[in-house]
K.L.:
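The structure under discussion is supplied below as structure tokens; questions concerning it will follow.
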Amino acid sequence: MLQTVRWTDNACRLLDQTKLPTETVYVDIVDERQMWDAIKRLVVRGAPAIGVAAAFGVYLGVRSFSGELLPFYDRLNEVCDYLATSRPTAVNLFWAIDRQRRVARDAGRSVRADTSDEHTIALVKAKLLATARQMLDEDTAICRRIGEHGIELLMPLTAADGVIRLLTHCNAGGLATVQYGTALAPVYVGVERGLKFHVYADETRPLLQGSRITAYELQANGVPATVICDNMAATVMRQDKVKAVIVGTDRVAANGDVANKIGTFGVAILAKHFGIPFFVAAPTSSIDMSLATGDLIPIEARSPDEVTHGMGRQTAPDGIDVYNPAFDVTPAELVTAIITERGVVKNPTTESLRLTAL
Ligand SMILES: CSC[C@H]1O[C@H](OP(=O)(O)O)[C@H](O)[C@@H]1O
């Protein structure tokens, strides 16, 4: 399985997802500015993958620092604050950066009072890199557990021919995480156990993560897939071609409202209309109990060019007004269940999510 993020001996190596599906290109990130740009341009994307990449970005931003301890921590906070400006919606970015801040603080406090600044700084740097590498392994384990819990929900939806047919939106597969993914984790773990799936992938305008990335990774992993235009989802559901919708998320509010790629809200409304379960797969690190409702989730506004010059071809007149929010919010009442590594939260509420997330 392609690995989205990995550590080489000297750099954070990213699969450049802007080049998919026609080119498999890796880029080596060596400082926090390159990492900021990689997150902003969706070289690396998907909430969990963004979090792990940012964790490496914090280390990369301070690894060459030399000097006294207090200026080192000033530099660390400067790097963390900078990386936090790359994209606003995926809470994993901020969770990962804050985790690195805590690691650095605790490492600094763990040394003896007579330890030199140079030695303390070296220890903190080592802890930052070790934590980022630990997050790689944690992510894979978390996604596998999401897969295992998801299989239990999907098995009853198996058709007479033994196939579980799903619709997904955008990409919440292995390429949105380190491996396995969230929404597609039940598919990959299920295939390992001999289950059969067919996934209908919304192409997901304007950046086409569905047709470019989801279709690419499903095909590469031997899972039958059908790409559809976003405006075909209603017909696919009406023709009974899918038995459930399963998507990822960038942030879940405390009441169960879900922020995800633009268009998800419309798919959820369609699923409700056709009586199809709408599942959201997410690590608990994507649940933000600090935000009471989805209205408080910051929604990223991206360049109009993504709409008018999609993949390099102009498809709208010069100077036309464009609205390009990268995400929308699906209200909790449209969410059948949230699948996490700790279990399934059916009909999510603040209380049930608090019991799961904290
Ligand atoms: C497992 S998180 C996947 C989530 O992230 C995607 O957004 P983007 O490609 O802009 O990072 C999309 O919302 C996916 O559902």
Side-chain angles (χ1 to χ4, degrees), residues 4-5 14-18 20 38-54 86-96 139-140 142-147 150 166-188 199 201-217 230 245-252 257-268 278-288 294 297-303 306-307 324-330 335 338-341:
T4 317
V5 186
L14 302 177
L15 173 65
D16 183 348
Q17 298 191 37
T18 66
L20 295 177
I39 294 170
K40 183 68 176 179
R41 292 193 302 111
L42 281 72
V43 169
V44 60
R45 31 88 25 218
I50 289 170
V52 175
S86 54
R87 294 185 76 190
T89 305
V91 69
N92 302 62
L93 172 71
F94 309 100
W95 171 86
D139 181 83
T140 298
I142 286 167
C143 289
R144 279 197 62 86
R145 289 204 298 273
I146 290 173
L166 304 169
L167 181 141
T168 193
H169 189 77
C170 196
N171 174 256
L175 294 178
T177 67
V178 174
Q179 278 186 307
Y180 285 105
T182 55
L184 296 185
V187 173
Y188 294 137
V199 179
D202 281 354
E203 63 177 358
T204 314
R205 276 189 56 77
L207 293 177
L208 308 179
Q209 288 98 319
S211 56
R212 289 192 305 109
I213 301 174
T214 294
Y216 173 85
E217 70 168 77
D230 302 344
V245 174
I246 189 164
V247 298
T249 177
D250 295 81
R251 193 181 310 217
V252 183
D257 292 348
V258 170
N260 198 49
K261 183 56 51 178
I262 189 72
T264 303
F265 179 27
V267 171
F278 181 84
F279 299 132
V280 177
T284 51
S285 58
S286 295
I287 299 172
D288 185 353
I297 298 174
I299 299 299
E300 179 183 16
R302 291 187 64 88
S303 164
E306 292 177 353
V307 177
N324 184 25
F327 301 97
D328 58 24
V329 175
T330 298
V335 178
I338 296 179
I339 307 162
T340 79
E341 73 279 16

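When a ligand or atom number is given, it counts from 1 through the structure's own listing order.
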K.L.:
Ignoring hydrogens and angles, state whether a donor on the side chain of Asn171 or Arg212 is under 3.5 Å from an acceptor on the partner side chain.
P.N.:
no
K.L.:
Can you pull out the closest protein heavy atom to atom 6 (C) of ligand 1? Residue, atom name and distance to 0.1 Å, please.
P.N.:
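Answer, as residue, atom name and distance: Arg45 NH2, 3.7 Å.
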K.L.:
Give the atom numbers and elements of ligand 1 that come within less than 4.0 Å of a heavy atom of Pro48.
P.N.:
1 (C), 2 (S)
K.L.:
Arg251 side chain to Asp257 main-chain N or O, any donor-acceptor pair under 3.5 Å?
P.N.:
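Looks like no, no N/O pair under 3.5 Å.
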K.L.:
Could you establish whether Thr264 and ligand 1 come within less than 4.0 Å of each other, counting only heavy atoms on the residue side?
P.N.:
no
K.L.:
What residue and atom, counting heavy atoms only, is the protein's closest point to atom 3 (C) of ligand 1, and at what distance?
P.N.:
Asn171 O, 3.5 Å
K.L.:
May I ask you to identify the nearest protein heavy atom to atom 2 (S) of ligand 1, giving residue, atom name and distance to one decimal place in Å?
P.N.:
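Minimum-distance protein heavy atom for atom 2 (S) of ligand 1 reads Ala47 N, 3.2 Å.
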K.L.:
How far is atom 12 (C) of ligand 1 from the closest protein heavy atom, and which atom is that?
P.N.:
Cys170 SG, 3.5 Å
K.L.:
Less than 4.0 Å is my threshold; does some heavy atom of Asp250 fall inside it relative to ligand 1?
P.N.:
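Within the 4.0 Å threshold, so yes.
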K.L.:
To the closest 0.5 Å, what do you measure between NZ (Lys40) and CD (Glu300)?
P.N.:
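Going from NZ on Lys40 over to CD on Glu300, the span is 5.0 Å.
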K.L.:
Please identify which of these residues, Thr249, Asn260, Thr340, meets the side chain to side chain contact (heavy atoms under 4.5 Å, CB included) condition with Val280.
P.N.:
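So the option named by the test is Thr249.
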K.L.:
Distance under 4.0 Å to a non-hydrogen atom of Thr249: what atoms of ligand 1 satisfy this?
P.N.:
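Going through ligand 1 atom by atom, the ones under 4.0 Å from Thr249 are 2 (S).
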K.L.:
Does a side chain donor of either Gln17 or Tyr216 reach within less than 3.5 Å of an acceptor in the other side chain?
P.N.:
no
K.L.:
Measuring from non-hydrogen atoms of Arg87 to any atom of ligand 1, is the shortest distance under 4.0 Å?
P.N.:
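Contact check Arg87 vs ligand 1: positive.
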K.L.:
Between Asp16 and Thr18, do the side chains contain an N or O donor and an N or O acceptor separated by less than 3.5 Å?
P.N.:
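There is such a pair between these side chains.
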K.L.:
Enumerate the atoms of ligand 1 whose separation from the nearest heavy atom of Asn260 is less than 4.0 angstrom.
P.N.:
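Checking each atom against Asn260, I get 4 (C), 12 (C), 13 (O), 14 (C), 15 (O).
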K.L.:
Asp328 and side chain to side chain contact (heavy atoms under 4.5 Å, CB included): which partner among Ile299, Val258, Thr264, Val267?
P.N.:
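Testing each of Ile299, Val258, Thr264, Val267 against Asp328, the sole residue satisfying side chain to side chain contact (heavy atoms under 4.5 Å, CB included) is Thr264.
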K.L.:
Do the charged groups of Asp230 and Arg205 touch, with an N to O distance under 4.0 Å?
P.N.:
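The answer is no: the pair does not qualify as a salt bridge.
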K.L.:
Closer than 4.0 Å to some heavy atom of Gln209 - which atoms of ligand 1 meet that?
P.N.:
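Listed by number with element: 8 (P), 9 (O), 10 (O).
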K.L.:
Report yes if some N/O of Lys261 lies less than 3.5 Å from some N/O of ligand 1; otherwise report no.
P.N.:
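N/O-N/O distance under 3.5 Å: yes.
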K.L.:
Under 4.0 Å from any heavy atom of Thr182, which atoms of ligand 1 are there?
P.N.:
1 (C)
K.L.:
Geometry only, no angles: is Gly46 polar-contacting ligand 1 at N/O separations under 3.5 Å?
P.N.:
yes
K.L.:
Side chains of Asn92 and Ser286: any donor to acceptor distance under 3.5 Å?
P.N.:
yes
